[in-house]
Amino acid sequence: QGQLVQSGGGLVQPGGSLRLSCQVSGFIPPNYGIGWFRQAPGKKDRVTISCIDGSRIYYAESVKGRFTISRDNAKKTVYLQMNSLEPEDTATYYCTTVIYDQDYGTCPVVDDYWGQGTQVNVSS
């Protein structure tokens, strides 16, 4: 049974940067992509931020131009580089397995593998 192990996150001032990591441990179907979701304080839903599935990449409008997703296949790790952070980016961030939907350009979750969550706080 595979797992997703997250690292990174923390407290940063507005305009600062952080990098999140999501490492695959054990077996997860290799055709799955990895997506990043976040859950803002007091909100129930986890919102898609970005995903990478092979060569296909998706970004939510709210993070385009500021966040960059990448993967290192040798390390079985997907990264989310977050620049120009804003207080509105404060949330708990989760990585999960996804499959890119070409028809809609979105990243629906597949098979329910989730990382443990990482807190990102953007505050002065």
Side-chain angles (χ1 to χ4, degrees):
Q1 185 75 4
Q3 294 182 347
L4 299 178
V5 181
Q6 295 180 225
S7 60
L11 173 64
V12 66
Q13 293 186 341
S17 298
L18 286 172
R19 188 177 79 162
L20 306 182
S21 300
C22 175
Q23 186 173 34
V24 174
S25 173
F27 178 78
I28 286 179
N31 60 309
Y32 287 176
I34 296 292
W36 287 97
F37 287 60
R38 69 185 180 190
Q39 186 172 9
K43 301 290 187 181
K44 185 177 63 175
D45 295 329
R46 296 179 183 180
V47 177
T48 310
I49 294 304
S50 181
C51 78
I52 185 166
D53 184 358
S55 61
R56 294 164 294 190
I57 290 176
Y58 163 84
Y59 294 104
E61 286 296 325
S62 59
V63 305
K64 269 184 186 177
R66 301 189 298 122
F67 291 12
T68 303
I69 193 169
S70 62
R71 71 188 307 161
D72 184 331
N73 290 328
K75 295 182 178 179
K76 300 174 72 175
T77 299
V78 171
Y79 303 98
L80 186 68
Q81 178 67 41
M82 305 185 295
N83 298 328
S84 302
L85 282 161
E86 304 168 350
E88 293 73 24
D89 296 315
T90 294
T92 303
Y93 286 69
Y94 298 90
C95 63
T96 184
T97 46
V98 300
I99 288 183
Y100 188 85
D101 185 327
Q102 291 192 17
D103 292 337
Y104 293 97
T106 58
C107 311
V109 176
V110 61
D111 224 357
D112 221 23
Y113 292 96
W114 287 91
Q116 77 275 23
T118 300
Q119 185 63 38
V120 171
N121 290 309
V122 185
S123 174
S124 55

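We number each residue from 1, following the sequence as shown. The model shown is predicted, which means the values in this text are computed figures rather than measured ones. For the numbers below, each heavy atom of this structure counts, side chains included, while hydrogens, waters and symmetry mates do not.
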Mind checking whether [X] and [Y] sit in one hydrophobic cluster, side chains of I, L, V, M, F, W, Y counted as touching below 4.5 Å?
X: Val78; Y: Val5; value: no
X: Ile34; Y: Val109; value: no
X: Val24; Y: Tyr113; value: yes

Can you name the nearest heavy-atom pair linking [X] to [Y], along with the distance?
X: Pro14; Y: Ser124; answer: CD-N, 3.7 Å
X: Cys107; Y: Val98; answer: O-CG1, 3.7 Å
X: Thr118; Y: Gly9; answer: CG2-CA, 3.5 Å
X: Tyr94; Y: Gly115; answer: CD2-O, 3.7 Å
X: Gly105; Y: Tyr100; answer: CA-OH, 3.5 Å

Exercise for review: Name the orientation class of the two ring planes belonging to Tyr93 and Phe67 (parallel below 30°, tilted from 30 to 60°, perpendicular beyond 60°).
Suggested key: tilted
For a 4.5 angstrom cut-off between non-hydrogen side-chain atoms, does [X] reach [Y]?
X: Ser50; Y: Leu80; result: yes
X: Met82; Y: Trp36; result: no
X: Thr106; Y: Pro108; result: yes

Within this structure, what is the [atom1]-[atom2] distance for the pair [X] and [Y], rounded to the nearest 0.5 Å?
X: Ile52; Y: Tyr59; atom1: CD1; atom2: OH; answer: 7.5 Å
X: Phe27; Y: Gln1; atom1: CZ; atom2: CD; answer: 10.5 Å
X: Leu20; Y: Gln81; atom1: CG; atom2: CD; answer: 9.0 Å
X: Ile49; Y: Tyr58; atom1: CD1; atom2: OH; answer: 8.0 Å
X: Ser70; Y: Ile57; atom1: OG; atom2: CD1; answer: 8.0 Å
X: Leu18; Y: Leu11; atom1: CG; atom2: CG; answer: 8.5 Å

**Study point:** Option passing side-chain hydrogen bond (donor to acceptor under 3.5 Å, both in side chains) with Tyr32 (candidates Asp111, Asp53, Thr97)
**Key:** Asp111
[X] (side chain) donor-acceptor with [Y] (main chain) under 3.5 angstrom:
X: Gln116; Y: Gln6; value: yes
X: Gln23; Y: Lys75; value: yes
X: Thr90; Y: Val122; value: yes
X: Gln39; Y: Lys44; value: yes

Exercise for review: Could you check Leu4 against Ile28 for side-chain contact (heavy atoms from CB on, under 4.5 Å), going step by step and ending with a plain yes or no?
Suggested key: CA-CA 9 Å; Leu4 299 178; Ile28 286 179; 3.6 Å; yes
Practice item. Let me see the working for Ser17 and Asn83 under side chain to side chain donor-acceptor pair (under 3.5 Å), right down to the final yes or no. Key: CA-CA 4 Å; Ser17 298; Asn83 298 328; 2.9 Å; yes
Exercise for review: Scan Thr92, Val120, Asp89 and name whichever one has a side-chain contact (heavy atoms from CB on, under 4.5 Å) with Arg38.
Suggested key: Asp89
